[in-house]
Structure formats: C-alpha cells, structure tokens
Participant: 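Take this structure first; my questions come after.
Each chain gets a letter, A, B and so on, in the order its sequence line appears, and its residues count up from 1. Side-chain atoms are counted along with the backbone in the values below, which use heavy atoms only and exclude waters and symmetry mates.
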2 protein chains.
Amino acid sequence: MDEVDSAIVRHLQMDGRLSNRALAEKLGIAPSTCLERTRLLHKRGIIQGYKAQVSLRALNRPVQAMVSTQIRPLRRDVVAAFEQSVTQLPEVVSVYTMAGSDDFLVHVTAQDIDHLHAFLLDQFTNRREIAGFRTAIIYQHLTNPVLDPLPPTAEQQRA
Amino acid sequence: MDEVDSAIVRHLQMDGRLSNRALAEKLGIAPSTCLERTRLLHKRGIIQGYKAQVSLRALNRPVQAMVSTQIRPLRRDVVAAFEQSVTQLPEVVSVYTMAGSDDFLVHVTAQDIDHLHAFLLDQFTNRREIAGFRTAIIYQHLTNPVLDPLPPTAEQQRA
DNA sequence: ATCCCGTGCCGAACTAAATTCGGCCTCTCG
DNA sequence: CGAGAGGCCGAATTTAGTTCGGCACGGGAT
C-alpha cells in the first residue's frame, strides 16, 4: 500500500468506472502496471467492489428515516436473525449494529410519510423481539466522497 | 422507467463495473440498446455515478462510531457550515441531518479508540456551535445491496 | 383502411480499452 | 560481483465501447 495504491483507491472511490488507461495516465504509470496494481488491490480485499450510486428521489423514495431499535433478548441468534432479515427488506438502506442504549440504527426509505408509517407498523410493531423503537426523519444525507487510508500500524508493518 | 431500466439499475448497483455487453446479455437486448438505456439513466439523474467500495479495515480504520450532535443556534447558515466542514473531515464517512432531538448523526471512523477520542476532542469539543454530542460505537454496518425503484406516483405519471 | 411519422431496437463497422506476455531494469542477498 | 526476484514497461492481441444506418412497430391523421 504505497502512495500509488492509495491514489488508485482515491480515484476509484470518486469514479468507479474510470478506465484503466485514464487512471494510468493520471498517475503517470503504464496501463499494464496500473492494471496489475488495481488487481492486487482487489485480491487483497482493499477494493471490495463497485456500486452504482442511485438517486433515492428518482427511485421514488424521497422520505428517509433513522429508526433506533432495541431488541430483547439480546442474544447472538436473535441479533443475527434481526440483522439478516431487516437488511433485506426493500425499504431498508442499511443497518448499524450499535453499542449503547440502542441496539440498532436502521436507515429506511419510503415513498412518503404514510408508507413509512405503514412499513413501521408492519415490520417493527409486529415483531416479538423488538422491545421498542424511535423514528427520526432524515432531512439530508451527505457522504464524504473519499476515504483515505491511514498509515499502517506497527503490527501491520510486521505482517 | 420500465422493467428493463429497473433491471439495469439493479445490476449496476450490485456490480458497477459490469460491462455493457455482459449487462445486455443478461437482459436479452443488444449492446447498443443497453448503452442507450444506461446513458439515459445517467442523463435523467437516476444513476448518479459509480464508487469503489473500500474496506475500512484494509484502510486501517476498523473503529466506527455514530456521533449524535446538537448545534446552537440552529440557523440556516450555521447548519450549512457545519454540514459542509464536517463532511470533508477525513474521519467522517457521512452526515445525516435530522429532525428530532439530535440535529445530526455523524458517522466517523478511526484507527482505534484513542484516535476516535482525540478526533472528538479536537473537532467537536472545540467548536462553539456544538451544544452537545453523544458517541455510540458501531459494531457492524450492513448495507442492502439493491434498492429497487417504487412504482411512480400519480403526480409523476402526469409529468 | 392506409399512410406518415416518431420511437426504439438491432447489428455491422469502427474506435478504444483491457489484457497478456516477453524483456528490461533495479534492488537485494549471498 | 553475480544470481534471482520483483516490478515496470510497451507492443501485440483480444475484448469491449460507441456510432450510425436501417428496420419494425404503433399511434394519429387523413
């Protein structure tokens, strides 16, 4: 993970479809070298994949909310089942498993407030393991375009 | 936005580097047609771009936390300035602007707990406009791989 | 019913990119 | 000082992206 690798990661975070040639040119290296580097970044699991960014508005899901959720009993199998099933609901964008008074933060999207309410009544109120939840509307969700690597720890250096 | 468009969106959410030819073959349409469709999805703003998914662990940032933040005064300019500056900090993954008792949820990453603590002391404790914040550690963050479009509203139908 | 036009799709031709691979350079270790 | 490994390069090949002319279908007007 030298400076070239980290530049590759930075560029591909901004534009995941940047062509290998264009990327090579930006970095001042040969396309074949760039390809090799990028392949290694995949193999090492540093680059996990590529995703299209889709407009929630265009998908007709302009309403977003964060649902703070507690489940009981807080057992391994119950936690795993909750994460697994909730993540796959179409209204759910992502699930944060938390330490603290809330066990999960569930980021959900809906067509409008009525659908959000219906979704919560159907999927949350009904579930036995859900001991309680609070819903907060999200006005806006901003994302940092680039996450830079940090210098490796002493432990990672040795590996 | 017919069934073909929505299939394109679904596939590109799962694999943003899927080649046009491979995508066309999956859908049973000609590459030229598929290219045309995909271009229109960009032009309409439905597909906003592509991003490489990077492993936070490989980037040496295994610790994640959600920081619930209140700012005062809750004025437009103060809110905008906060969002803008915080989103660009390297430790920040994303910022949710919220309704309710917390004004923001800030998703942050760090090398370890010590760095997280230092980051909060440097960037949050110091700021005048931050009236208070609570930090909760994130054990895990799962993401739904595919967000499907919802059928259009009556209002959108007319457009 | 028929003609006309617009829309969308197809596939061949062309342009450009991805990929492979042999060779070279450099650095390190014996 | 020589041998080997690693990494990089660039030409050649394979594969993909892109353009464009033409065809088919469907709707509306005559």
Participant: Return yes when atom CD of A/Gln140 has more than 12 non-hydrogen atoms of other residues, nucleotides or ligands closer than 6.0 Å, and no otherwise.
Facilitator: yes
Participant: I'd like to know if the side chain of B/Asn144 and the backbone of A/Val92 have a donor-acceptor N/O pair within less than 3.5 Å.
Facilitator: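 Present.
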Participant: Counting distance only, does the side-chain N/O of A/Asp102 pair as donor-acceptor with the main-chain N or O of A/Thr69 below 3.5 Å?
Facilitator: no
Participant: Run the side-chain hydrogen bond (donor to acceptor under 3.5 Å, both in side chains) test on B/Arg61 and B/Ser55 for me, step by step, so that the C-alpha distance in whole Å, both residues' side-chain angles and the decisive distance to 0.1 Å come before the verdict.
Facilitator: CA-CA 9 Å; B/Arg61 299 166 70 171; B/Ser55 157; over 6 Å; no
Participant: Counting heavy atoms not belonging to B/Glu25, are there more than 12 under 6.0 Å from its CD?
Facilitator: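 No.
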Participant: Judged by atom type as modelled, is there a donor-acceptor pair below 3.5 Å linking the side chain of B/His117 to the main-chain atoms of B/Ile113?
Facilitator: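 Checked: no pair found.
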Participant: Measure the distance from OH on A/Tyr50 to C1' on C/dA18 and round it to the nearest whole Å.
Facilitator: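 Result: 13 Å.
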Participant: Quick one: B/Leu27 CG to C/dG8 P, roughly how many Å, whole number?
Facilitator: 17 Å
Participant: Flag yes if more than 12 heavy atoms outside B/His42 fall under 6.0 Å of its NE2 atom; otherwise flag no.
Facilitator: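 Count over threshold, so yes.
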Participant: In whole angstrom, what separates A/Asn20's CG from C/dA16's C1'?
Facilitator: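 Rounded to whole Å, this separation is 13 Å.
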Participant: Calculate the interatomic distance between A/Leu23 atom CG and C/dA16 atom C1'; express it in whole Å.
Facilitator: 16 Å
Participant: Check the distance between C/dG11's P and B/Glu25's CD and give it to me in whole angstrom.
Facilitator: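 Nearest whole value for this atom pair: 13 Å.
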Participant: Could you list by number each residue of residues 8-19 of chain A showing a heavy-atom separation from DNA chain C of less than 4.0 Å, or answer none if no residue does?
Facilitator: A/Ser19
Participant: Mark up nucleotides 4-13 of chain D, 5' to 3', with B wherever a protein heavy atom is under 4.0 angstrom from a base atom, S wherever such an atom reaches only the sugar-phosphate, and - elsewhere.
Facilitator: ----SBB---
Participant: Using the side chain to side chain contact (heavy atoms under 4.5 Å, CB included) rule, take B/His141 and B/His107 through it: C-alpha gap first, then chi angles, then the decisive distance, then the call.
Facilitator: CA-CA 11 Å; B/His141 182 198; B/His107 179 186; 3.7 Å; yes
Participant: Given atom CZ of B/Arg39 and atom P of C/dG8, what is their separation to the nearest angstrom?
Facilitator: 15 Å
